[in-house]
Amino acid sequence: PRSPECPLDKDELGNKTWGFLHTMAAYYPDNPTTQQKQDMKLFFNIFSQFYPCSICSKDFQEDLKVHPPNVENQKTFSRWLCDMHNNVNVKLGKPTFDCSRVNERWKDGWLDGSCD
Ligand code: FAD
């Protein structure tokens with residue numbers, strides 16, 4: 001069996017990275033300052049250049065040009081990230097996620113209480 005402490009493959013890296021990105025979006029401010037909005041756009045610009053998977057990085061940079069981050073507030077930013085993740089899901093032939101429930105998945109837990 002493969003040791004549990006090995007370099008990340010593309011899927012492990014992706015899963016962990018989405019966990020980080022969606023959680024960061026869950027805790028983005030409801031009323032961000034102009035500086036915070038600017039910095040979050042810059043974060044995605046730099047993130048997309050250095051994401052350590054070349055095809056992912058290339059396609060994500062292209063998608064960012066078409067769909068720049070909506071950094072207005074927590075809700076719009078989490079929704080935007082959900083849509084970006086769904087674009088990758090479609091590209092990979094995975095099911096899309098219902099973005100109306102993105103805060104249940106990554107912030108508040110499911111309404112049925114299964115995360116309590
Ligand atoms: P993941 O897609 O990693 O999702 C993790 C969890 O997030 C899911 O279990 C689900 O609960 C939740 N989720 C799913 N969709 C959404 C959504 N839309 N919004 C919110 N939550 C959601 N892999 C490639 O092979 N080619 C690529 O070009 C590629 N590009 C990538 C670009 C980026 C920026 C990132 C972060 C990853 C990329 N990946 C790419 C990896 C790929 O997206 C998956 O992470 C990987 O295939 C593992 O999938 P997974 O089944 O663990 O679920």
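Counting starts at 1 for both ligands and their atoms, following the listed order.
The shortest N or O to N or O distance between K91 and ligand 1 is below 3.5 Å. Residue-to-ligand polar distances place H85 within reach of ligand 1: an N/O pair is separated by less than 3.5 Å. Taking distance alone, with nitrogen or oxygen atoms compared against 3.5 Å, C53 stays at or beyond that limit from ligand 1. In terms of polar-atom proximity, Y51 is not counted as a contact of ligand 1, lacking any N or O under 3.5 Å from an N or O of the ligand.
In the candidate list L92, D11, D98, L92 is nearest to atom 23 (N) of ligand 1, counting heavy atoms. Ranked by closest heavy atom to atom 32 (C) of ligand 1, the top entry among S48, C56, S54, A25 is C56. When the heavy atoms of K10, R105, K94 are ranked by distance to atom 47 (O) of ligand 1, first place goes to K94. By heavy-atom distance, the residue among C99, G14, G19 lying nearest atom 41 (C) of ligand 1 is G14.
Among all non-hydrogen protein atoms, the one lying nearest atom 36 (C) of ligand 1 is W18 CE2, 3.3 Å. For atom 7 (O) of ligand 1, the closest non-hydrogen atom of the protein is W106 CZ2, 3.3 Å. Ranking protein heavy atoms by distance to atom 52 (O) of ligand 1, first place goes to N15 ND2, 2.7 Å. Protein heavy atom at the shortest distance from atom 19 (N) of ligand 1 is C82 SG, 3.1 Å.
The shortest distance between side-chain heavy atoms of P69 and M40 does not fall below 4.5 Å. Between I46 and F50, some side-chain heavy-atom pair lies under the 4.5 Å cut-off. In this structure the side chain of Q74 never reaches within 4.5 angstrom of the side chain of Y27, judged on heavy atoms.
Of the possible donor and acceptor atoms, none in the side chain of W106 sits under 3.5 Å from a partner among the backbone N and O of R101. Although no hydrogens or angles enter the test, the distance criterion places no donor-acceptor pair under 3.5 Å between the side chain of S78 and the main chain of K75. Y28 contributes no side-chain N or O that, together with a main-chain N or O of N73, makes up a donor-acceptor pair within less than 3.5 Å.
Only the side chain of V88 comes within 4.0 Å of ligand 1, counting heavy atoms alone; its backbone N, CA, C and O stay farther away. In M84, neither the side chain nor the backbone holds a heavy atom less than 4.0 Å from any atom of ligand 1. With a 4.0 Å heavy-atom cut-off, ligand 1 is reached by the side chain of N89 but not by its N, CA, C or O.
Using a 30° and 60° split on the angle between ring planes, F47 and F44 fall in the perpendicular class, above 60°.
Close contacts between ligand 1 and H22 involve ligand atoms 19 (N), 20 (C), 21 (N) [criterion: under 4.0 Å to a heavy atom]. Interface atoms of ligand 1 facing F60, defined by a heavy-atom separation under 4.0 Å, are 34 (C).
The neighbour count for D112 CG, taken as heavy atoms of other residues, nucleotides or ligands under 6.0 Å away, is above 12. For K37, the NZ atom is densely surrounded, since the number of other residues' heavy atoms within 6.0 Å is greater than 12.
Taking OH of Y51 as the reference point, atom OG1 of T17 lies at 3.5 Å (rounded to 0.5 Å).
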Verify ring pair (Phe, Tyr, Trp, His ring centres under 6.0 Å) between H85 and W18, making sure each step is shown before the conclusion. CA-CA 8 Å; H85 191 166; W18 286 122; 3.8 Å; yes

